[in-house]
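A short worksheet on the structure shown next.
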Amino acid sequence: MASRDNQDSGPDLGAGIPTAMLDGKTLLQGHVGEETVVLARVGEEVFALGGTCSHYGAPLADGLIVGDTLRCPWHHACFSLRTGEALAAPAIDPLGRWHVEHQGDHLFVKGKIPKEQAGSAMRDTSNDPERIVIVGGGAAGFAAAEMLRRRDFSGQLTMLSSDDDAPYDRPNLSKDYLAGTAEEAWMPLRSPKFYARRDIDLRLGTTAIRIDTGKKKVTTSDGHDFSFDRLLLATGAEPVRLSIPGADRPHVFVLRSMSDCRAMIDRLGNTRSAVVVGAGFIGLEVAASLRTRSVAVHVVAPGAGPLETVLGQQLGDFIRSVHEEHGVTFHLGATAERIDERTVRLSDGEVLDADMVVVGIGVKPRLSLAADAGIATAGGVLVDEFLETNIPGIFAAGDIAEWSEQRGAETRRVEHWVVAERQGQVAAENMLGLRQPFRSVPFFWSAHFDETIRYIGYARSWDTIDVEGSIEGRDCMVTYRKDGRTLAAATIGRDVEALRCEAAMAGETE
């Protein structure tokens, strides 16, 4: 066997380990040859799977077993211990699996199981629709297309995307890609070969302008009609733009697409100072990325502190302090009133130098396509627990979907990447008649320099905020409660606790 330089790779599982090494543990990292493998123990059963998450490479030995699934500690992907399948996004690819043999008081990991034996959902395909159209090429649209083919849908599958780029890792636009620490080659979710091999007709730069629900067809701006038996609307959201003098200048940007980000990066060669309008997650992530590139950054926002309405004052103040430690200057309680060629004038009279202005003041769902077709909308496209609209056979997922988990409950519309992906996956299964209710607990992560916040749940408002641990010490769980019920939690440095919180909110048992 080849030597290994990584001394943290754990024991050689192929050579065998004493079974006692698993005493008191549910997860143990080791290796087989050059591959990292994690042992997962559930009762008397022991499973051997690939030891790094297929999404971003997180060490799964630091994750959590819930039932017969393994959860990733970084971004909460969910894998089947029995098949290796990635059951819930953001991971899409399965984990490798190995045979586990017990010999006396030792355990050996032998022989990798071929991928074709990893297992797939067996279902009756005789009633499958012939044609499915997906409108949208973002998280929900891509996840739906991938799941449809994974579930052996063999009919015609068309994706209509107004974006000029094939589906890509949108959360990284404001993080590593803008910061210059991620290559553009890392951004696509799949290569062009993926769509060709799976017979997915991906139409880029194609905007749907009309849906005829009676004739079951979608018309695009270039005059083409696409017939469907099932339709998924995943049109996403668009940035809210400023309506002040100078907001249309060429050095003023919003960040929603790859082309937006490329334009910003091209501008950075002539940028020494930038003004970020908005202190939400996107605005602050952009601020951190620009500071990584040594740009002087000023953040302008009308509130008393960043993210207070989402995370509360204590955690919001901490995030502000992290940014200030890295040189970001805040101008709170102020708004931008005018943008000139090299400056931004604020409502309090201050004038800031600005070679670049980035506007991050929120997004609004793209609802007109659905509303014009007679599909029920409110704050979003209204869907039932199966993500189906009021028009049978038409589904919605992602930033536009507004749903409730139970009849009579408060509706919600959540603009999170992982939520969009998981809704796309569930909608795909329901378009095939599997009738899977969407029950996923909302989750997102946000990176601010060296600090990452993981947020579980959904809280528009709260009665109390409980802090366990130390926010300033970068080791805490912040819990948001209303009427005695836990609505959401945010963690720093407590990845497993975040996973446990998610499982508890979903009513699952470890």
Side-chain angles (χ1 to χ4, degrees), residues 89-90 132-147 158-175 177 187-190 200 202-211 218 220-221 226 231-241 253-261 280-282 285 359-373 375-383 387 389 394-403 411-428 431 438 440 442-444:
I132 292 179
V133 173
I134 298 170
V135 181
F142 168 80
E146 190 279 334
M147 183 59 76
T158 305
M159 287 182 68
L160 307 176
S161 176
S162 59
D163 205 315
D164 293 328
D165 292 282
Y168 47 85
D169 187 8
R170 195 183 302 275
N172 238 343
L173 292 179
S174 57
K175 301 180 179 74
Y177 182 57
M187 296 297 289
L189 295 177
R190 286 295 185 272
I200 299 171
L202 175 60
R203 304 289 185 103
L204 299 176
T206 302
T207 301
I209 60 170
R210 186 168 54 257
I211 301 170
V218 178
T220 58
S221 56
F226 296 86
L231 173 66
L232 175 64
L233 298 179
T235 49
E238 58 185 289
V240 176
R241 298 176 185 270
F253 300 90
V254 294
L255 179 55
R256 185 67 179 177
S257 67
M258 280 286 291
S259 59
D260 293 335
C261 204
F281 287 107
I282 296 298
E285 288 178 356
V359 179
I361 55 175
V363 297
K364 54 185 178 181
R366 295 187 174 111
L367 302 180
S368 59
L369 181 67
D372 291 347
I375 297 169
T377 63
V381 175
L382 296 173
V383 295
L387 303 179
T389 70
I394 299 181
F395 296 74
D399 290 357
I400 65 168
E402 183 174 354
W403 82 100
T411 61
R412 60 177 64 172
R413 188 181 64 81
V414 179
E415 297 160 357
H416 300 334
W417 178 261
V418 173
V419 172
E421 288 184 305
R422 292 179 180 178
Q423 285 187 340
Q425 292 176 323
V426 171
M431 285 191 287
F438 180 72
S440 179
F443 166 78
F444 71 88

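Note that the structure is predicted; figures quoted are calculated from it, not measured. Values below: all heavy atoms of this structure, side chains included; hydrogens, waters and symmetry mates excluded.
Atom CG of residue Leu367 and atom CD of residue Glu402 lie 9.0 Å apart, to the nearest 0.5 angstrom. Distance check: Glu285 CD to Leu255 CG gives 9.5 Å after rounding to the nearest 0.5 Å.
Two residues are said to be in side-chain contact when any heavy atoms from C-beta on lie closer than 4.5 Å; Leu231 and Phe226 fail this criterion. Taking 4.5 Å as the limit, some side-chain heavy atom of Ile375 sits within range of a side-chain heavy atom of Leu233. In this structure, the side chains of Arg412 and Pro442 come closer than 4.5 Å at one or more pairs of heavy atoms. Between Gln423 and Val426 the shortest side-chain heavy-atom distance does not fall below 4.5 Å. Between Pro167 and Met159 the shortest side-chain heavy-atom distance falls below 4.5 Å. Val414 places a side-chain heavy atom less than 4.5 Å from the side chain of Trp403. Counting heavy atoms from C-beta outward, Leu232 and Ile132 have side chains that stay 4.5 Å or more apart. In this structure the side chain of Arg422 reaches within 4.5 angstrom of the side chain of Phe438, judged on heavy atoms.
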Checklist entry - Would Val254 and Val359 satisfy side-chain contact (heavy atoms from CB on, under 4.5 Å), going step by step from the backbone distance to the final call? => result CA-CA 5 Å; Val254 294; Val359 179; 4.2 Å; yes

Checklist entry - Between Leu189 and Asp169, is a side-chain contact (heavy atoms from CB on, under 4.5 Å) present by the stated rule, with each step listed? => result CA-CA 6 Å; Leu189 295 177; Asp169 187 8; 4.2 Å; yes

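Checked by atom type and distance alone, the side chain of Arg366 pairs as donor or acceptor with a backbone atom of Thr235 at under 3.5 Å. Between the side chain of Arg203 and the backbone N or O of Leu160 there is no donor-acceptor pair closer than 3.5 Å. Within the 3.5 Å criterion, the main-chain N or O of Ile394 finds a donor-acceptor partner in the side chain of Thr389. Under the 3.5 Å distance criterion, the side-chain polar atoms of Arg413 are matched with a main-chain donor or acceptor of Gly379.
Under the ring pair (Phe, Tyr, Trp, His ring centres under 6.0 Å) criterion, Tyr168 pairs with no residue at all, not counting sequence neighbours. With sequence neighbours excluded, the residues that form a side-chain hydrogen bond (donor to acceptor under 3.5 Å, both in side chains) with Arg256 are Asp399. Among residues two or more places apart in sequence or in another chain, the side-chain hydrogen bond (donor to acceptor under 3.5 Å, both in side chains) test is passed with Asp260 by Ser257. The ring pair (Phe, Tyr, Trp, His ring centres under 6.0 Å) search around Trp417 returns none, not counting sequence neighbours. Take Phe253 and apply the ring pair (Phe, Tyr, Trp, His ring centres under 6.0 Å) test, not counting sequence neighbours, and it matches no residue. With sequence neighbours excluded, no residue forms a ring pair (Phe, Tyr, Trp, His ring centres under 6.0 Å) with Tyr177.
Under the 30°/60° scheme for interplanar angles, the aromatic rings of Phe281 and Phe444 are found to stand perpendicular.
Minimum interatomic distance between Val383 and Ala401 (heavy atoms only, all atoms of both residues): CG2-CB, 4.4 Å. Among all heavy-atom pairs drawn from Ser174 and Ile282, the shortest one is OG-CD1, 4.0 Å. For the residue pair Ile134 and Ala145, the shortest heavy atom distance occurs at CD1-N, 3.7 Å. When all heavy atoms of Ala397 and Gly424 are compared, the closest pair comes out as CB-N, 3.9 Å. Residues Arg210 and Leu369 come closest through the heavy atom pair N-CD1, 3.5 Å.
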